[in-house]
Protein chains: 2
Amino acid sequence: MIFSVFSDEHFMKEALRQAEAARLAGEVPVGAVVVCGNRIVARAHNLTETLNDVTAHAEMLAITAAANHLGGKYLEDCTLYVTLEPCLMCAGALHHAHIGKVVWGADDPKRGFSLLQKPVLHPKTTIQKGIEAASCEKILKDFFIERRKEG
Amino acid sequence: MIFSVFSDEHFMKEALRQAEAARLAGEVPVGAVVVCGNRIVARAHNLTETLNDVTAHAEMLAITAAANHLGGKYLEDCTLYVTLEPCLMCAGALHHAHIGKVVWGADDPKRGFSLLQKPVLHPKTTIQKGIEAASCEKILKDFFIERRKEG
């Protein structure tokens, strides 16, 4: 299969690399990148254990880093790629950021924001899901299987 | 009126002091404190403008600071006092933190999490609202009246 270098699959693979880095650090393996004009302006992975901070989800760190990089609070022209469907906290943050587009890999049927019937994201935000979904799911499932073995 | 030093009103006044500090810094005036065993373990106010970061709500910063102070991610034994009803992002974060109790002053009929019909906070979290509501509302209303005059 041939991917454009700027395809959703390409950027989701970059998010997956972040998830892999999280896994290696003993974190729940979720990764995210923020893309603006086909350029990655922020990369982040879950750091809740390392930072001892429940707010340190990949998306939250990526939003903060992207705003920092771009010098503006709002991310209207950006796309967030994240390996797992954002939770309510992250969806709320993406709303505040007026993010242009959100793309995720694996659905999160327990904690994903799309469980809510009311629209949570900003009305101008477009959504795409299921990009590299199998890989995005696998890295999480394997992590929890491994953790249960250890526990 | 006589308040116990450990009353909800007492701690909400501390949150209001934080809101006042936000106002003086040109931030939307929302303040929060986290209380554990009748002791304030974190104080924070909105810093979205200063930090150029939409995630820097008072509650988010207070959760991070409290976890840092206590050395644990979870805040089951803590109460968050906040001058304004938490938004969805902050409610999601409070869920992740397993916060014991949330007390707020002014309702936020536009962005408050309680607009949602589904429970957003952790099932063990208790909620109380309307503490010092008039003062909590006033500091916000005055701020936006002032801002509109300037604009």
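Both backbone and side-chain heavy atoms feed into the values below; hydrogens, waters and symmetry mates do not. These figures come from a predicted structure and were not determined experimentally.
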Separation between CG (Leu88(A)) and NE2 (His96(B)), nearest 0.5 Å, reads 8.0 Å
Applying a strict 4.5 Å limit to non-hydrogen atoms, the region of Ala93(B) in contact with chain A is both
Counting heavy-atom pairs under 4.5 angstrom with chain A, the leader among Ala67(B), Ala91(B), Gly72(B) is Gly72(B)
Greatest number of non-hydrogen atom pairs under 4.5 angstrom with chain A, of Thr48(B), Thr55(B), Thr64(B), falls to Thr64(B)
Is [X] linked to [Y] within one hydrophobic cluster, defined over Ile, Leu, Val, Met, Phe, Trp and Tyr using a side-chain heavy-atom separation of less than 4.5 Å?
X         : Y        : value
Val30(B)  : Leu80(B) : yes
Val102(A) : Leu84(A) : yes
Leu70(A)  : Ile99(A) : yes
Leu47(B)  : Leu51(A) : no
Val82(A)  : Val33(A) : no

### Message
Do His95(B) and Cys87(A) make a side-chain contact, defined as non-hydrogen atoms from C-beta onward lying under 4.5 Å apart?
### Response
no
Of Met60(A), Lys73(A), Glu49(A), the largest count of non-hydrogen pairs under 4.5 angstrom with chain B goes to Lys73(A)
Turns out that what part of Phe113(A) lies under 4.5 Å from chain B's heavy atoms comes down to neither
